[in-house]
Amino acid sequence: MKLATWNVNSLGVRLPQVLAWLEAHRPDVLALQETKMVDERFPVQALAELGYTAAYAGQKTYNGVAILARGPLEAVRVGIPGLEDEQRRVVAATLGGVRVICLYVPNGQAVGSEKYRYKLAWLDAARAWLEAELAAHERLVVMGDFNVAPEDRDVHDPRRWAGQVLVSAPERAAFRTLLDLGLRDAFRLFEQPGQVYSWWNYGALAFRRNWGLRIDHLLVSPALAAKCRACWVDRAPRAHERPSDHAPVVAEFGS
DNA sequence: ATGGCTTACAACGTAAGA
């Protein structure tokens, strides 16, 4: 089983790249964030031609999430229970007994801002919900754009980023509360080379210089962690023409 | 990059991203 997550920064622009990536890698599940696409325009047909079904929750201009899967998606849920939120940032579904949760965590904009407070409140609501989901589903993955670089080794220049949004102590503490539920960062289940990131700013040769952050994650329940064989970032799409600023993160599991 | 870029929306510029 292969699971992947990718913030595509507009599915309308990136659809050809997504279809090509699905054909090349054939993941069982691909979670998408920032589709920026209303549900009426979702490319159901193009995905079906490649053998993928989809659960999606979109909106115009901002946010939007989707789960693409090679098989039927059941128990689809949109949003976090009990959290009043117009922003489409969460979709969950079950595939073959595996609970798949796709998150697009708020960016937070700047430490101390209104959006930063929203981010922290949002993460707190997500934690409470994920605790219940973990209790209900032995095999569970939470994947997406968390907009948090968990540790300094996930940051190309920790001194420059110190205290900034995406790395600030309260954001990292909120991320750790997810790990404290028993979820494991699939990437850190393995020895990894240094300086592996999943996002690089557009322009200024940031990608070529590898000035990035690792903010896209797959968090897995203990039962899935035991089956995880590898986790990596696929940097190739970031080098395409008109790339997303994020690269896909992939994890592979034994049976 | 202390964004030098990219997206969407619908201006001929703004908001937002991370």
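Labels below follow one simple rule: chain letters A, B, ... track the order of the sequence lines, proteins then strands, and each chain is numbered from 1.
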Review point. Just checking A/Ile215: base, sugar-phosphate only, or nothing, at a heavy-atom cut-off of under 4.0 Å?
Key: sugar-phosphate
**Study point:** C1' gap between B/dA10 and B/dA16, integer Å
**Key:** 16 Å
Practice item. Consider only side-chain N and O atoms of A/Asn63 and A/Arg88, and report whether a donor and an acceptor are under 3.5 Å apart. Key: no
Exercise for review: Step through the shown structure and confirm whether more than 12 heavy atoms of other residues, nucleotides or ligands are within 6.0 Å of CZ on A/Arg159.
Suggested key: no
Exercise for review: Dump the intermediate steps for side-chain contact (heavy atoms from CB on, under 4.5 Å) on A/Arg99 and A/Arg139, then the final yes or no.
Suggested key: CA-CA 6 Å; A/Arg99 188 64 171 164; A/Arg139 291 191 291 163; over 6 Å; no
Point to revise | OP1 or OP2 of B/dT6 under 4.0 Å from side-chain N/O of A/Arg242 | key: no
Review point. So, is A/Arg14 near the phosphate of B/dT6, with a side-chain N or O under 4.0 Å from OP1 or OP2?
Key: no
Check your understanding: Taking atom P of B/dT7 as reference, at what distance in whole Å does atom CG of A/Leu15 sit?
Key -> 14 Å
Exercise for review: Select one nucleotide: of B/dA8, B/dT7, B/dT2, the one nearest the side-chain heavy atoms of A/Thr61.
Suggested key: B/dA8
Review point. Heavy atoms under 4.0 Å, any strand shown: does A/Phe207 hit a base, just sugar-phosphate, or nothing?
Key: nothing
**Study point:** Test item: side-chain donor near acceptor, A/Asp85 and A/Trp122, under 3.5 Å
**Key:** yes
Revision key, fill the gap. From NZ of A/Lys119 across to P of B/dG17 the rounded distance in Å is 10 Å
Check your understanding: If you check the A/Lys60 side chain, which of B/dT2, B/dT6, B/dC9 turns out closest?
Key -> B/dC9
Check your understanding: How many Å lie between CZ on A/Arg209 and P on B/dC5, as a whole number?
Key -> 12 Å
Point to revise | Nucleotide B/dG17, atom C1' - distance to CD of A/Glu114 in whole Å | key: 18 Å
Check your understanding: Between A/Asn147 and A/Ala206, which has a closest nucleotide on DNA chain B that is more 5'?
Key -> A/Ala206
Exercise for review: By nearest nucleotide on DNA chain B, pick out whichever of A/Leu213 and A/Val13 is the more 5' one.
Suggested key: A/Val13
Check your understanding: Just checking A/Lys115: base, sugar-phosphate only, or nothing, at a heavy-atom cut-off of under 4.0 Å?
Key -> sugar-phosphate
Check your understanding: Contact class for A/Gln164 vs. all strands (heavy atom < 4.0 Å): base, sugar-phosphate, or nothing?
Key -> nothing
**Study point:** Interatomic distance, A/Gln33 CD vs B/dT7 P [rounded to whole Å]
**Key:** 17 Å
Exercise for review: Compare side-chain N and O positions of A/Ser10 against OP1 and OP2 of B/dA8 and report whether any pair is under 4.0 Å apart.
Suggested key: yes
Revision key, fill the gap. Checking B/dT6, B/dT7, B/dT2 against the side chain of A/Lys36 (C-beta onward), the nearest is B/dT7
**Study point:** C1' spacing across the pair B/dA11 / B/dA15, given as an integer number of angstrom
**Key:** 12 Å
Check your understanding: Between A/Asn107 (CG) and B/dA16 (C1'), how many Å, whole number?
Key -> 8 Å
Review point. Just checking, any donor-acceptor pair under 3.5 angstrom between side chains of A/Asp216 and A/Trp6?
Key: no
Exercise for review: Would you indicate what A/Asn7 reaches in the nucleic acid, counting non-hydrogen atoms under 4.0 angstrom: base, sugar-phosphate, or nothing?
Suggested key: sugar-phosphate
Practice item. Could you tell me which residues satisfy side-chain contact (heavy atoms from CB on, under 4.5 Å) with A/Pro16, sequence neighbours excluded, listed by chain and number? Key: none
